[in-house]
Number of protein chains: 2
Amino acid sequence: MNFSISEEDYIKAIYHLKGDKLSVATNDLAAELHTRPASVTDMLKKLAAKKLIHYQPYKGVMLNTEGRKIALGIVRRHRLWEYFLAEKLNFSWNEVHEVAEQLEHISSKKLIEKLDEYLGYPKFDPHGDPIPDHLGRMQATDHLPLTELPLDTPAVVNGVSDQSPEMLELLRRRNIAIGTVLEVKKKFGFDHSMEIKIKDTPVFIITEQLAQNIFVQYES
Amino acid sequence: MNFSISEEDYIKAIYHLKGDKLSVATNDLAAELHTRPASVTDMLKKLAAKKLIHYQPYKGVMLNTEGRKIALGIVRRHRLWEYFLAEKLNFSWNEVHEVAEQLEHISSKKLIEKLDEYLGYPKFDPHGDPIPDHLGRMQATDHLPLTELPLDTPAVVNGVSDQSPEMLELLRRRNIAIGTVLEVKKKFGFDHSMEIKIKDTPVFIITEQLAQNIFVQYES
DNA sequence: TTAATATTTTAGACAAACCTAAAAAAAGTT
DNA sequence: AACTTTTTTTAGGTTTGTCTAAAATATTAA
Ligand SMILES: [Mn+2]
Ligand SMILES: [Mn+2]
Ligand SMILES: [Mn+2]
Ligand SMILES: [Mn+2]
């Protein structure tokens with residue numbers, strides 16, 4: 001079956017609000033999609049009629065098996081296009097999301113498979129998020145929040161949870177990107193800020209708020 | 001200003017029916033767009049209100065300066081994507097049109113400029129049609145219909161006017177593509193069919209109908 | 001366990017883009 | 001010039017996706 005851009009955006013939003021596992025609230029969906037709760041209710045009825053979600057009035061919504069499959073397809077297209085924009089067209093990682101938001105809705109199976117092949121079957125998008133393969137499978141990521149990294153332990157940045165332009169700009173100023181190796185040198189109890197050391201550059205300080213949105217893994 | 005997919009499809013259709021120079025009929029637009037004349041009238045009123053066309057009831061429609069500019073932008077996007085699909089993703093030239101029909105509506109100035117740069121500023125799409133540059137200028141093409149090529153005169157195929165899958169399939173079978181060098185060896189008055197010679201392959205015959213849709217230029 | 005508050009749904013409207021059927025205008029024909 | 005046919009527009013609907021305001025339900029707090 002084929003879905004409208006709106007339908008796809010709702011499915012993806014449900015997925016991003018953990019709707020593949022947990023129940024998602026109408027209000028949260030409205031906030032995520034910048035629309036009104038009444039509009040969400042309308043769409044949920046439609047998606048339920050198309051058997052993509054499990055929905056009972058007042059009880060929230062969850063993707064069913066079919067809905068989850070559709071969601072993974074959209075996420076796959078979104079992240080492949082992000083990778084293309086960053087890798088081939090030299091977009092910076094804070095510019096890719098908005099354009100991918102449109103490209104993800106182009107419905108051509110062949111296009112996506114050819115693109116995937118052309119890109120060399122990438123496993124992660126420019127934000128460190130895993131790209132589902134053509135069967136919807138994706139690499140498990142071990143995402144340790146930077147706040148939980150022990151002191152003086154080198155680790156590699158492998159993801160960011162907030163992808164707003166504001167946050168990405170801040171990361172760029174601090175020279176933090178996917179793949180950057182860093183250590184936490186000190187944590188300050190007063191405001192939970194922390195000192196970060198990147199090789200060959202002076203130590204600097206980041207806030208707890210920023211640290212919570214950066215994920216790392218131990219060097220392998 | 002930003003335009004809907006429908007609005008863009010109408011503008012492009014007007015352009016393709018010579019609406020940058022001549023007046024285009026409501027019925028012809030309806031046929032081109034697979035819609036009803038009543039729907040066309042509705043949209044023409046809207047486009048006139050947006051000052052993209054010159055429209056007077058019962059008198060046909062023509063693009064104005066602004067409309068022409070928009071049309072060239074859409075054509076530019078369409079042909080750049082076609083080039084990308086054929087050149088980078090290895091689509092065959094009969095598959096590119098349908099996907100480009102969707103990609104052409106992605107509205108990001110930066111995307112198109114980066115894509116153009118990445119592709120090396122191509123001048124022609126896979127069907128031999130010229131690609132407008134970022135100012136809407138395009139290479140003049142000298143398109144001589146194959147029916148008018150003198151006998152025994154080598155010429156290069158530089159365009160096809162009908163881009164239906166049927167025609168493109170036929171061309172592929174005859175090993176005719178953009179860039180192919182060929183000669184007309186004989187014309188048969190009875191049905192106006194003609195003998196074609198391509199180097200290193202046996203002479204074969206094509207119908208007048210096919211020849212009318214193939215354009216060539218003298219070898220330079 | 002009742003009252004207050006927050007969340008969600010329903011009712012009724014609206015804009016965009018399409019449709020059919022009927023009316024109006026233009027073009028072609030005797 | 002009058003009649004016929006073709007083209008185009010108008011009138012009135014439908015579907016999709018949105019909205020506001022009001023009603024219904026669920027949650028939290030006294
Ligand atoms: Mn989207
Ligand atoms: Mn991403
Ligand atoms: Mn289109
Ligand atoms: Mn083309």
Side-chain angles (χ1 to χ4, degrees), chain A residues 1-15 17-19 22-63 67 70-71 74 101-102 104-107, chain B residues 1-15 17-19 22-63 67 70-71 74 101-102 104-107:
Chain A
M1 214 196 276
N2 236 43
F3 304 100
S4 72
I5 292 178
S6 268
E7 288 170 336
E8 290 191 345
D9 281 339
Y10 274 88
I11 301 249
K12 197 178 57 150
I14 296 169
Y15 178 85
L17 295 175
K18 312 280 173 229
L22 311 170
S23 187
V24 174
T26 301
N27 264 358
D28 293 349
L29 270 172
E32 173 85 5
L33 290 161
H34 306 105
T35 159
R36 298 299 177 161
S39 309
V40 173
T41 300
D42 286 349
M43 183 58 92
L44 292 184
K45 283 186 202 162
K46 193 150 69 111
L47 295 178
K50 292 193 176 188
K51 301 216 189 306
L52 301 176
I53 60 175
H54 178 74
Y55 167 65
Q56 276 182 299
Y58 296 104
K59 300 269 179 72
V61 62
M62 206 167 125
L63 294 172
I70 305 295
I74 303 164
E101 202 56 48
Q102 299 183 58
E104 70 188 358
H105 302 292
I106 307 286
S107 65
Chain B
M1 215 197 276
N2 236 45
F3 304 101
S4 71
I5 292 177
S6 268
E7 287 169 336
E8 290 190 346
D9 282 340
Y10 274 89
I11 302 244
K12 197 179 56 150
I14 296 169
Y15 178 85
L17 296 174
K18 313 279 173 228
L22 312 170
S23 187
V24 173
T26 301
N27 265 357
D28 293 349
L29 270 172
E32 173 84 6
L33 290 160
H34 307 105
T35 95
R36 298 300 178 162
S39 308
V40 173
T41 300
D42 285 351
M43 182 59 93
L44 292 184
K45 284 186 200 162
K46 196 153 65 117
L47 295 178
K50 293 193 175 188
K51 301 215 189 305
L52 300 176
I53 59 175
H54 178 73
Y55 166 66
Q56 275 182 301
Y58 297 104
K59 299 270 179 72
V61 62
M62 207 167 123
L63 294 172
I70 306 295
I74 302 164
E101 202 56 49
Q102 299 182 59
E104 71 189 357
H105 302 291
I106 306 287
S107 66

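Here the structure is a predicted model, which is why all the values come from computation and not from measurement. All chains are named by letter (A, B, ...) in the order of the sequence lines, taking the proteins before the strands, and each is independently numbered beginning at 1. All values below come from the heavy atoms of this structure, side chains included, with hydrogens, waters and symmetry mates left out.
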Write down the distance between [atom1] ([X]) and [atom2] ([N]), rounded to a whole number of angstrom.
X: N2(B); N: dA16(C); atom1: CG; atom2: P; result: 14 Å
X: D42(A); N: dC14(C); atom1: CG; atom2: P; result: 16 Å
X: L44(A); N: dT10(C); atom1: CG; atom2: P; result: 11 Å
X: E7(A); N: dT18(D); atom1: CD; atom2: P; result: 10 Å
X: L29(B); N: dT9(D); atom1: CG; atom2: P; result: 10 Å
X: L33(B); N: dC19(C); atom1: CG; atom2: C1'; result: 15 Å
X: M43(B); N: dA16(C); atom1: CE; atom2: P; result: 10 Å
X: E8(A); N: dT16(D); atom1: CD; atom2: P; result: 16 Å

Exercise for review: Answer yes or no: does atom NZ of K18(A) have more than 12 heavy-atom neighbours from other residues, nucleotides or ligands under 6.0 Å?
Suggested key: no
Practice item. Please check if atom NZ in K51(A) has more than 12 non-hydrogen atoms from other residues, nucleotides or ligands closer than 6.0 Å. Key: no
Once you apply a heavy-atom cut-off of 4.0 Å, does [X] come out as touching a base, just sugar-phosphate, or nothing?
X: K45(B); result: sugar-phosphate
X: P37(B); result: base
X: S39(B); result: base
X: T41(A); result: base

Check your understanding: Which of the following nucleotides, dC19(D), dT8(C), dT9(D), is nearest to the side chain of A38(A)?
Key -> dC19(D)
Practice item. Identify which one of D28(B), L29(B), V40(B), T41(B) satisfies the side chain to side chain contact (heavy atoms under 4.5 Å, CB included) criterion when paired with V61(B). Key: L29(B)
Between [X] and [N], does any side-chain N or O lie under 4.0 Å from OP1 or OP2?
X: R36(A); N: dT20(D); answer: yes
X: S6(A); N: dT16(D); answer: no
X: N27(A); N: dA6(C); answer: no
X: Y58(A); N: dA23(D); answer: no
X: Y10(A); N: dT16(D); answer: no

**Study point:** Side chain to side chain, E32(B) and D9(B), heavy atoms closer than 4.5 Å
**Key:** no
Revision key, fill the gap. The reported gap from CE in M43(A) to OG in S4(A) (rounded to nearest 0.5 angstrom) is 5.0 Å
